[in-house]
Each structure stands twice: as structure tokens, then as C-alpha cells.
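All values derive from a computational prediction rather than experimental measurement.
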Amino acid sequence: MIPFIVGCALFMQMLDSTVVATALPAMAQALGSTAVRLNVAITSYLLAVAVFVPISGWAADRYGARRVFMAAIALFTLSSVACALSQNLIHLVLARIAQGIAGAMMVPVGRIILLRVVPKHDLLKAMSFLSIPALLGPVIGPPLGGFMVTYMSWHWIFLINIPIGAIGIMLVRRYVPEIREASVPGLDWLGFLLSAVCLATLVSAFEALGHSLIPPTAVLGLAAVGLICGWLYVQHAKRAEHPILDLTLMREPTFAISVLGGNLCRFAVGAMPFLLAVQLQVGFNMTPFAAGLITFASAAGALLMKFVATPIVQHFGFRRVLTINAVLTGVFIIACAAFTPTTPVWLMIAILLAGGFFRSLQFTAVNTLTYADMSPERMSRASSFAAMAQQLGISLGVGVAAVTLNLSIAARGADKVAIGDVMIAFVVIGVLCSAATFSFQRLSRTAGAQLQQA
């Protein structure tokens, strides 16, 4: 039940993210704004997640993982109601910030509970099962969001979180035991401040690259501030007794390789929805609803993989699966570059289905291997660190895709995106994803052996 319960929280978060993106134009019209301005509702959520993710592990140890998990689900549900009741852009942004704080606690703390309760030899199966409800969010989100906006009202995309959140809280109260450390050091406030500024400015810079909302000089300024604060945090972490982000975790080979290689693969998580939206809606002149019905095939493929991921990894081993599958994942991303307005819909769906299938296998394996050699007392810090890295990886994927598009447009001397620009961006993201194979080749042949059932 515990992987399923944690998965329900992931489902609520993923569903919310996908339907909001679909409903953005309708929300902008209703609130008297524009879709470009209303994008701040998405950015504010991502910023709140980035800022508060590092504190999640400490909060779980200090106040109890079960208590924090329930509070996060409750806050996410209540803030969803606040989003639905928003009368203007300011109200919506404030509610989305509250949602982001809840999301920053909900997912990492749920993963902490899973890591503490499930034996390591069952962790691969648990991670596969955990992702099934979460992957239903992207499967259901695009068509559901399009349907609600077209035939109902944008308010319902937030109100559907109420029953999900209520069921989640009841299941946590019944099935999840309290997990709490006996002795927890005080919060590293200086580290929290430095990491918050670093992550917020870097995520803002990457998001700005994806939407061209601020001048390039401002983007460079944000990135510079983020890098400086990141360097200051590294110096602080060397001296601090209990830093909020434990950089010594990177001394563990399986953790370091999984974080670095896994984040190259996660470029696709941020870049693919962005590039497919540009390709199908701008390049091919499809409606958002029609494009959503095609792109959800990726999530459907990911869902199918969850039923066979465990036996595949157990048979071939983590090292072989991750090194070979990284290349396959990149190949299917590059295959999207071949789409044209005359490409049959069934062929696009088949390629996206296969691509989602292999990406899902990659993330299931890497998410499990990340914690293979972590001791129980370091699980909270490892979960916070990994969640922070994932957030950066997804944002960086959007940034790399956007920069590629802008450079391609500039090279043509044009001012609007064309299909050829999107093709180049797909190739760049696919190559970077495939490059993760060089990181995974450094794994030992027995990496993760203790996670496989006897």
C-alpha cells in the first residue's frame, strides 16, 4: 500500500502540472491577462519547489515523515482550492507558491517513507509500482485539461485535487507508520538561504530561456547570481557540521553516477513537452487538444513499461540496462525530429509510445540505483539532494532546448521558429541524453545487486 499511497501524491502533482499548462490560455482570458503573462503561474510554482526542496529531508527527520507528508498533501489540496477561487493574477500566483511549497515537501518526503519502510531487495519493484499512479497524471492530464477547459471551466482543473487529496490523507493515516529520527540537528539557515537563492535564480534563468520573457542580459545576471551563491554554498558546506545539502553524498559512486547520468536523461522530461508543443501547435498548426491527444502517447508508453521494468533490470543488471537504454532513449528523441506535417498520426504515436517506454525504464532503474548504497540514516539527505538535482535537470532541459531554438533562428536570420529549428533541438536533446551512457559505464558490473531479489 505504501508505494501506492506515495504514488497517489505524485499523481496529484503530475496531473496538476499537465492540466495547468493545457488550460493556460483559457485562464488568461478569464483573468483578464495574456498567456505569456500568466506563465508566471507556472514559474512561481517551480521556484517554490526549487527553494523548499532542500529543507524537506530535515523537516521529515525533525517533525516526522508521516506528519509532514500528510501536512503537505493537505496544503496542496487547500492551495488548489485557493487557485480555483483566484480572482486575479496576484491571487493565483500566491496560491501557486503555496502549492509549490507543498509539492517540495510532498514528493521527497513520500520517497523518504518508501525508502525507510521497503526492504532494499524489494525497492526495484516498489519504485516501479510507485510510478504507476504518478504516470497516470501525464496520461490523463492533456486530454482531461483540454476537455474541462472546452466544455466546463478552468476552475475544475484545480478542484479535482480535492477528492484525491482527501483519499490520500485517509490512506496515510491508516497505512503509513510514523518515521522520525531520535536526534536531529538544527536547521542550517545560512545553507538554506544560499541554496534557496542559488536554486531560485538558476531555475528562473532556465525558465526565462524557455519563454524569452526577459532580456538575455537579465538571464545572464540571474545565472551569475545562482553560480556565485552555489560556489558560496560549497564553501559553507565544507565547514558546516550539518549542511542542508550534504555534498559528501557525491562520494558514493552509485549515488554520484545516478545523479549525474540520470540528470542528462532528465533533460528530456523538461524539453520534450516544450519541443512537442512548439512542433505540433506552431509548426503543424494543430489545436492544443489535438496535440495533447498525440503527446500523451509518451506517458502511455511509460505506463506500460512499469509492468516489465523489474524483470528486465533483474535479468540484465543495472549497468547494462542503463548504458544501453540511455542510447535507445536518445534515439527515439532524435526520431521526433523526422516528424513533418504529412507524417501519419499513427506513426508519431508509435514513436512517442516507444520513446516513453524506454525513458520510463531508464528512470525506474536510475531512481532505484540512486539509493542502493545509502545507509538508513542518510536516506533523508539523499532524497532531498536527488530531488533538488532532478528539479535542476528538468529546468536545464527546457533551457538547452530553448537556447538551441534561438541559436537556430538567429543563424537563419529569422525572427520566428520554423520546423527545421525544432528538428535541431530534438537532435541536441537526444544526443545529450545518449551521452549519459558514458556516465553509466563507470558503474561496477555488480552495482545494485543487493536491490535484486534472490
Side-chain angles (χ1 to χ4, degrees), residues 18 21 138 142 206 209-212 261-288 290-302 304-305 323-363 393-439:
T18 52
F206 297 147
L209 287 174
H211 302 285
S212 302
N263 269 13
L264 278 176
C265 295
R266 285 190 184 90
F267 276 24
V269 177
M272 287 297 287
F274 171 66
L275 291 176
L276 286 170
V278 174
Q279 183 186 53
L280 298 178
Q281 295 184 39
V282 179
F284 300 171
N285 293 318
M286 289 186 178
T287 64
L293 290 175
I294 293 175
T295 56
F296 94 99
S298 292
L304 291 173
M305 169 52 75
T323 52
I324 296 175
N325 198 63
V327 177
L328 292 174
T329 301
V331 166
F332 278 97
I333 293 172
I334 294 172
C336 296
F339 292 170
T340 68
T342 59
T343 301
V345 171
W346 67 265
L347 182 57
M348 288 192 284
I349 289 176
I351 291 173
L352 292 173
L353 190 74
F357 188 84
F358 289 112
R359 281 201 302 277
S360 178
L361 174 60
Q362 196 74 358
F363 295 141
I394 293 170
S395 298
L396 187 57
V398 177
V400 170
V403 168
T404 305
L405 286 178
N406 291 333
L407 290 176
S408 179
I409 293 170
R412 292 188 298 107
D415 57 358
K416 292 184 179 180
V417 67
I419 294 176
D421 305 320
V422 182
M423 291 173 61
I424 295 172
F426 273 123
V427 171
V428 169
I429 295 297
V431 169
L432 288 174
C433 187
S434 296
T437 190
F438 298 110
S439 178

If I compare all heavy atoms of [X] with all of [Y], which pair ends up nearest, and what's the gap?
| X | Y | answer |
| --- | --- | --- |
| A425 | L275 | CB-CD2, 3.6 Å |
| V427 | A337 | CG2-CB, 4.2 Å |
| G397 | I429 | O-CD1, 4.0 Å |
| C265 | C433 | CA-SG, 3.8 Å |
| I351 | A335 | CG2-CB, 3.9 Å |

May I ask you to decide if [Y]'s main-chain N or O and [X]'s side chain share a donor-acceptor pair within less than 3.5 Å?
| X | Y | result |
| --- | --- | --- |
| T329 | N325 | yes |
| S434 | G430 | yes |
| Q279 | C336 | yes |
| T343 | T340 | yes |

Rounded to the nearest 0.5 Å, what separation is found between the [atom1] atom of [X] and the [atom2] atom of [Y]?
| X | Y | atom1 | atom2 | value |
| --- | --- | --- | --- | --- |
| T342 | L347 | OG1 | CG | 10.5 Å |
| L328 | L361 | CG | CG | 9.0 Å |
| F358 | I333 | CZ | CD1 | 12.5 Å |
| I294 | F339 | CD1 | CZ | 8.5 Å |

Margin query: Just to verify, which of V428, D421, I424 counts as forming a side chain to side chain contact (heavy atoms under 4.5 Å, CB included) with L405?
Written below: D421

Check: Less than 4.5 Å apart, any side-chain heavy atom of F332 and any of L353?
Finding: no

